[in-house]
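Structure first, commentary second.
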Amino acid sequence: MVTVELPDGNKIEFESPVSALQVAERISPRLAKSAIAARIDGTVRDLTHVLDEGPHAVVVITDRDEEAAEILRHTAAHVLAQAMVNLFGAGVKYTIGPALTEDFQYGYYYDFDMPSPVGAEDLPKIEAEMRRIAAQKLPIERVELPVDEAIAQMRKLGQDYKVEMIQDLVRTQQVKTVSLYRQGDFIDMCRGPHLPHTGFVKAVALLSAAGAYWRGDERNKMLTRVYGCAFFDDKSLKEHLANIEEAKKRDHRTLGKQLDLFLISDDVGPGLPLWMPKGATLRMQLMNWLQGELIARGYQIVATPHIGRLGLYRTSGHYPYYKESQFPPIEMDGEDAYLIKPMNCPHHITIYKARQHSYRDLPLRLAEFGTVYRFEQSGELNGLTRVRGFTQDDAHIICTQEQLESEIESCVDLVKLVLETLGLTDYRVRLGLRDPNSDKYAGDAEHWALAEQNIRNVVRKLGMSYTEGIGDAVFYGPKIDFVVRDCLGRQWQLGTIQVDYNLPQRFSMEYIGEDNRPHQPVMIHRAPFGSLERFIGILIEHFGGAFPLWLSPVQVAVLPVSEKVSEYADKVYAELKRRGIRVEMDSSPEKIGAKIRRSSMDKIPYMAIVGQNEAAAGAVSLRGRGGVDHGVMPLDAMIAKLLDEISTRSLGQ
RNA sequence: GCCAGCGUAGCUCAACGGUAGAGCACCGCUUUUGUAAAGCGGUGGUUGUGGGUUCGAUUCCCUCCGCUGGCUCCA
């Protein structure tokens with residue numbers, strides 16, 4: 001007897017074992033038709049899954065359910081693999097092809113070992129083949145086989161990677177059987193679940209072809225990865241593709257050019273951004289704001305040179321650890337080499353060590369907008385988000401063990417203040433922890449355990465939700481990272497807080513304790529923005545170039561209706577300027593409509609339109625970005641309104 | 001660094017192996033304008049670099065540089 005309990009509490013009984021599909025049929029023929037899988041006792045299974053004797057909780061999944069999209073994408077990956085084999089022959093070896101759950105742009109990928117790699121121009125052809133396979137509505141069957149048989153079968157198909165994967169499963173998880181999925185003459189080793197037939201996979205698009213190392217290890221062979229997306233209907237697919245196009249318009253590289261914010265010129269060098277006046281204005285606003293917050297929080301501002309002796313970075317460990325990703329040392333005749341600084345900490349430590357410190361001095365907080373240079377791999381460079389020269393809003397807090405957690409806590413507060421003031425609330429928090437199996441870390445296990453405990457204590461105390469990333473720690477200590485997404489869904493680390501017991505030891509940092517004996521302090525490295533460059537890159541995309549008033553490079557455009565009022569317009573311009581508002585005048589001989597359009601395209605928050613009426617009244621007609629009409633108001637009233645919006649760092653109109 | 005794609009005017013993009021073009025921007029002239037583009041005219045290019053194939057290369061092939069999407073890396 002099989003007893004099935006449905007989500008609504010109803011129970012159905014069957015005399016003998018039944019498939020999930022039969023359960024759905026019993027509920028309603030219509031449900032059975034739209035069913036694609038079932039959640040059985042909490043686990044998502046194929047519709048063909050047979051329920052054995054006993055009670056079972058069954059939820060039939062249709063294309064409207066959350067879980068459905070993932071199954072669809074996974075099956076789409078199989079259809080992709082089948083298409084590849086159909087088109088490029090049995091020499092195509094398929095490896096791993098998962099559905100993506102996090103990445104909003106894609107949906108799934110499949111990695112292939114190809115006799116010769118496919119390129120972007122092959123994608124339409126592959127897509128067409130996928131649609132052909134979908135149109136055939138091939139039933140998808142699951143068979144469970146003993147590993148020996150499965151290996152034999154995959155070997156017969158020439159699928160060496162699958163053989164390797166099965167052998168790994170045997171070794172690591174002692175599996176005795178694996179499941180194979182068959183659709184038409186295509187067979188793949190896969191855990192499933194999958195859709196009942198390929199006919200569901202009709203709204204598909206392939207988005208890119210790329211390389212990916214087998215098992216993600218650069219010592220392994222590079223495979224060909226094809227990314228795609230899949231939906232249950234064409235409308236959703238079209239919408240999705242349109243969303244991607246829309247997102248691209250927010251790309252900071254596009255907007256940076258359009259709005260004259262920054263420039264990356266090959267003449268200067270890859271990954272070395274130049275800030276144009278407008279971008280530099282924005283940057284300066286951020287820096288000034290944060291600097292004020294730092295001083296209010298007891299930080300002291302320091303300034304240090306852009307290069308330092310190599311020995312300093314040998315001591316810190318940065319040179320040996322990151323040798324490959326640094327600009328090579330500057331060799332000098334008869335003198336130690338100099339390194340262009342990849343980090344500010346050694347300089348700040350040198351400042352700390354310049355004199356003796358009492359426990360009464362601690363915590364000591366040394367802050368600097370420090371520009372550093374790292375020779376990032378060429379393939380890594382990306383607009384402002386990954387560059388070779390960037391400015392960190394860096395600071396090092398040197399404190400006692402007892403002070404550490406409360407200092408970490410105020411660092412977290414500061415990072416949150418920064419993100420929330422700018423409306424960047426869609427971030428996630430990641431603890432970067434040590435990978436015990438790696439030898440890239442410095443220092444003893446005891447301090448590591450302690451430091452990891454310190455950061456955990458703080459995030460727990462603050463009730464923050466976070467994930468832990470094993471192996472995401474810095475070589476000298478664990479960290480709390482604040483991670484956000486760019487317009488294409490890629491994740492970037494912005495703010496970071498790092499606990500370090502190591503460098504104080506390497507540099508023999510000391511303070512004299514209450515007991516009149518020397519002690520070793522602990523150090524926190526922290527940067528709320530992280531890198532100004534990356535932060536602003538993300539900020540550009542976050543606001544789509546339409547910055548809040550306090551950050552806008554140009555805050556108001558004065559637009560005279562005709563040259564007849566140019567004298568009054570000049571007066572308005574001068575007064576705004578005198579009151580510290582960043583103002584631009586459009587005195588071109590264009591019509592007012594054209595001037596408005598131009599200012600709108602530049603995403604200037606306010607337009608002060610002045611014609612003869614306004615001139616006579618000593619007023620302006622104020623138009624907000626996006627066509628908001630604030631009406632005609634006296635010049636003073638307008639200035640007061642703007643100054644208020646600026647001083648409160650208001651996010652919007 | 002690796003795989004794939006791309007590189008044409010300041011920007012966005014055209015151009016069967018046969019004299020390199022459009023829109024915007026810029027400059028000039030006309031228009032003096034009321035809430036998202038007035039009209040006319042003009043300037044602007046060794047087609048990323050170096051080589052090769054060809055009677056002839058923006059177009060085909062190779063080298064290098066850069067960019068884009070991934071992979072790896074990210075102090």
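Every heavy atom of this structure was used, including side-chain atoms; hydrogens, water molecules and symmetry mates were not. Naming: A, B, ... by sequence-line order, numbering from 1 per chain.
If you take atom P in B:U19 and the same atom in B:G66, they sit 34 Å apart, rounded to whole Å. For the P atom pair drawn from B:A14 and B:U8, the interatomic distance equals 10 Å after rounding to whole Å. To the nearest whole angstrom, the two P atoms, one in B:A38 and one in B:U59, are 40 Å apart. Nucleotides B:G48 and B:C67 place their P atoms 16 Å apart, quoted to the nearest Å. Using C1' as the reference atom, B:G28 and B:C64 are 43 Å apart when rounded to the nearest Å. For the C1' atoms, the distance from B:G51 to B:U12 is 32 Å, rounded to whole Å.
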Polar atom pairs (N or O), protein with nucleotides 38-47 of chain B, under 3.5 Å:
none

So which protein nitrogen or oxygen atoms get under 3.5 Å of nucleotides 66-68 of chain B's nitrogens or oxygens?
residue: B:U68; atom: OP1; partner: A:Arg253; partner atom: NH1; Å: 3.2
residue: B:U68; atom: O3'; partner: A:Arg253; partner atom: NH1; Å: 3.4

5'-to-3' dot-bracket of RNA chain B (Watson-Crick, G-U; under 3.5 angstrom; crossing pairs as [ ]; | other strand): (((((((..((((....[..)))).(((((.......))))).....(.(((..]....))).))))))))....
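Applying a 4.0 Å cut-off to non-hydrogen atoms, none of the residues of residues 522-539 of chain A approaches RNA chain B.
No hydrogens or angles were tested; on distance alone, a donor-acceptor pair under 3.5 Å links the side chain of A:Tyr213 to the base of B:G1. Judged by distance alone with a 3.5 Å cut-off, no donor-acceptor contact links the side chain of A:Ser599 to the base of B:A36. For A:Glu376 against B:G1, no side-chain N or O and base N or O form a donor-acceptor pair under 3.5 Å. One N or O donor and one acceptor, one from the side chain of A:Arg386 and one from the base of B:C73, sit under 3.5 Å apart.
Residues meeting the salt bridge (Lys or Arg N to Asp or Glu O under 4.0 Å) test with A:Asp602, sequence neighbours left out: none. Residues meeting the salt bridge (Lys or Arg N to Asp or Glu O under 4.0 Å) test with A:Glu245, sequence neighbours left out: A:Lys248.
A cation-pi geometry, defined here as NZ or CZ lying under 6.0 Å from the six-membered ring centre and within 45° of its normal, holds between A:Arg225 and A:Tyr109.
Listed for the A:Arg506 side chain is a donor-acceptor partner under 3.5 Å among the backbone atoms of A:Thr315.
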